[in-house]
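Remarks on the structure that follows.
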Amino acid sequence: MTQQTKQIPVSSIILDEDIYPRKGIDHRRVGIFAENIRDGFTFDPIEVAPCPDKPGLFRLLDGAHRWSAYKSTGIEEVKAIIKDLEGNDPLLYAATKAIGPKQLTEDESRDTARRAYSRDSSLSSADIGKAIGRSRQTVDSYLTDLRASNRMGLDIKIFRLNRLGIPQDRIAKRLGLDQKTIHNHLGEMPALAFLLNGDLSRGFSVSQVAEKHGWTEPMVWSLALEGKNDHDRFKELGWGFCTWDKWEFNDCDNRFGDDWPGRIPAQLIAHILRCFSKPDDLILDPMAGGGVTPDTCLAMGRRCWAFDLMDRPDTRPEIEPFTWDISSDQGLLWPVSAKGKPDLIIFDPPYFDKKAADYDKKSISGLSRKAYLEFLEAFFVLLKQNVKKTTRMAFINADWRDFQNTPAIEEKYKGGILIDDYLDILKRTGWYHTHIIQAPMSSQRFTAGVVSAMQKKNILGVISRYVIVLGQQGLE
Ligand SMILES: C[S@@+](CC[C@H](N)C(=O)[O-])C[C@H]1O[C@@H](n2cnc3c(N)ncnc32)[C@H](O)[C@@H]1O
């Protein structure tokens, strides 16, 4: 750790509760310090570290009472040691400074240990104990329940990834563990499932069981519906089955997937799975976003490999981070060296241009029309090279017409992408459609004000959306 000492404005220093190990400021102590300052007494410099997200500000590591006293006496500048903690936990560092004349109380040291462990579960009891001035055994006793629930979190992650058919070596890599640990955890899964099934058979609802055990609802559904056929799964999930080629759902089912730009209803994914895949088939979602596809696969008893450029290891470990990048030196790459090949691809890419602000800058939504179409062409070729002859694709898309403020009669063919543009590329790359299913978006996303403005000008908005289902056999 390095440091420099200099005069800094008292107003540039803040007390960040996140890294403050005490329960509060002792005002009697501040009063005594203020009196000492007025009497001309000089204190040791306080210690601070630069605020990571607020340039120009410093957060206190040591000297909260002296700092409060400086403020109350109107002193504008103080001598401070500015520390570079070089990755060390600031809360634990601040706690080491509290060992001395005024020790942390029992409550404060317990709370500090728990906060430090919650931020970094790889910290040992000995390390934490050294920082807060307590023995390893005492710290162990502070952390017992947190360690148990952390372990439970890992069990659930491993169970989920395994249930989705992700091979053990990829589970190990994703969770930063060795394969032996994964293997050991998987050995405990039947006992865990038995526990949950017990609660389900006692009449608790899926959401009650999920809450009690800290599981996600789709994971509990995957157990609750085990052995059932698709028809019965739909019934239990409360979804009607649309027999015709128009699948219309006004709302997303909040039990499946996260709030995400461009989120699609789980009922739509469930219809695709029911009509175009079989139980235990492997589904590939190359741009999985909020995770509706893996969640619905759990409920429908399908395996699923999902990828996205957005990485959320804690909440969505099953979505493996991967960016499909046409501009890389090697061209478009396949993310896994898989023996397993998908039976069905569910591909729901972002629009180009229009929604660019909703996604990361590496997203294909930032591409120009030309580059976007080139990406799709290369992507469909890549898919064909890496799947089975029998693999189908469900491509979810909508016409992209730039109708903003333009009456329908004045709209020109000026660089939108319409369904026939996609079909041209698909045919060129060896994908032939068997079905075009209408799956309209809800018109409720337009506000009453917007609708009335559109009505006045005869503007025709877009709510049509399609699921194009394709195979690889042409007419030949
Ligand atoms: C329309 S969203 C998918 C929404 C998802 N079906 C759902 O219901 O939550 C498209 C996703 O594609 C991802 N994406 C865009 N470009 C990508 C790329 N080049 N590689 C990987 N993911 C990409 C975005 O991060 C975004 O999550």
Side-chain angles (χ1 to χ4, degrees), residues 1-120 123-139 141-143:
M1 279 185 265
T2 54
Q3 63 181 55
Q4 52 168 318
T5 306
K6 63 178 193 182
Q7 292 283 123
I8 59 173
V10 174
S11 60
S12 69
I13 303 169
I14 57 169
L15 191 150
D16 180 351
E17 300 215 330
D18 236 24
I19 62 160
Y20 187 56
R22 296 192 190 276
K23 290 283 177 213
I25 299 270
D26 175 349
H27 293 286
R28 218 172 56 87
R29 208 161 164 227
V30 175
I32 296 169
F33 285 176
E35 235 175 273
N36 294 155
I37 293 167
R38 281 189 213 100
D39 289 345
F41 186 84
T42 319
F43 288 107
D44 288 340
I46 57 178
E47 285 192 33
V48 297
C51 283
D53 47 358
K54 295 185 190 121
L57 291 187
F58 300 91
R59 47 188 191 167
L60 271 170
L61 295 171
D62 180 37
H65 292 92
R66 279 167 278 161
W67 166 73
S68 299
Y70 290 132
K71 279 203 308 184
S72 72
T73 48
I75 287 181
E76 287 180 359
E77 279 210 335
V78 287
K79 197 188 246 181
I81 300 172
I82 302 171
K83 280 262 174 203
D84 179 353
L85 292 177
E86 291 165 2
N88 287 298
D89 186 307
L91 173 65
L92 286 186
Y93 180 80
T96 53
K97 301 306 286 185
I99 301 174
K102 194 169 183 297
Q103 294 273 353
L104 295 180
T105 64
E106 184 59 16
D107 212 20
E108 286 169 344
S109 54
R110 182 172 192 278
D111 185 58
T112 301
R114 292 173 69 83
R115 281 158 63 197
Y117 178 79
S118 303
R119 287 211 294 240
D120 179 0
L123 284 169
S124 70
S125 294
D127 286 342
I128 297 175
K130 226 182 283 158
I132 61 174
R134 295 290 191 277
S135 70
R136 184 179 59 73
Q137 289 82 351
T138 305
V139 175
S141 73
Y142 292 157
L143 304 179

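- Between Val78 and Ile13, some side-chain heavy-atom pair lies under the 4.5 Å cut-off.
- For residues 2-13, the set of pairs meeting the side-chain hydrogen bond (donor to acceptor under 3.5 Å, both in side chains) definition, not counting sequence neighbours, comprises Gln3-Lys83.
- Within the model, atoms OH of Tyr117 and CG of Leu123 stand 9.5 Å from one another, a figure rounded to the nearest 0.5 Å.
- Separating the CD1 atom in Ile32 from the NE2 atom in His65 is a distance of 10.0 Å, to the nearest 0.5 Å.
- Between the CD1 atom of Ile81 and the CD1 atom of Ile46 there is a distance of 9.5 Å, given to the nearest 0.5 Å.
- Although no hydrogens or angles enter the test, the distance criterion places a donor-acceptor pair under 3.5 Å between the side chain of Asn88 and the main chain of Leu85.
- Taking every heavy atom of both residues into account, Leu61 and Pro90 meet most closely at CD2-O, 4.1 Å.
- The CG atom of Leu104 sits 10.0 Å away from the NZ atom of Lys23 when rounded to the nearest 0.5 Å.
- The distance from the CZ atom of Arg115 to the CG atom of Leu92 is 10.0 Å, given to the nearest 0.5 Å.
- Across all non-hydrogen atoms, the minimal contact from Val10 to Trp67 is O-NE1, 3.6 Å.
- The shortest distance between side-chain heavy atoms of Arg119 and Ile19 falls below 4.5 Å.
- Residues Leu60 and Ile14 are not in side-chain contact: their nearest non-hydrogen atoms beyond the backbone lie 4.5 Å or more apart.
- Residue pairs meeting the ring pair (Phe, Tyr, Trp, His ring centres under 6.0 Å) criterion with at least one member in residues 4-38, sequence neighbours excluded, are Phe33-Phe43.
- Scanning for side chain to side chain donor-acceptor pair (under 3.5 Å) contacts around Arg110 gives an empty result, with sequence neighbours left out.
- Ser109 meets the side chain to side chain donor-acceptor pair (under 3.5 Å) test with Arg134, Tyr142; sequence neighbours excluded.
- Pairs passing the salt bridge (Lys or Arg N to Asp or Glu O under 4.0 Å) check and including a residue from residues 39-49, sequence neighbours excluded, read Glu47-Lys97.
- With rounding to the nearest 0.5 Å, the separation of CG in Asp18 from CG in Leu91 is 8.0 Å.
- Counting only residues at least two apart or in different chains, salt bridge (Lys or Arg N to Asp or Glu O under 4.0 Å) contacts with residues 54-78 comprise Asp16-Arg59, Asp62-Arg66.
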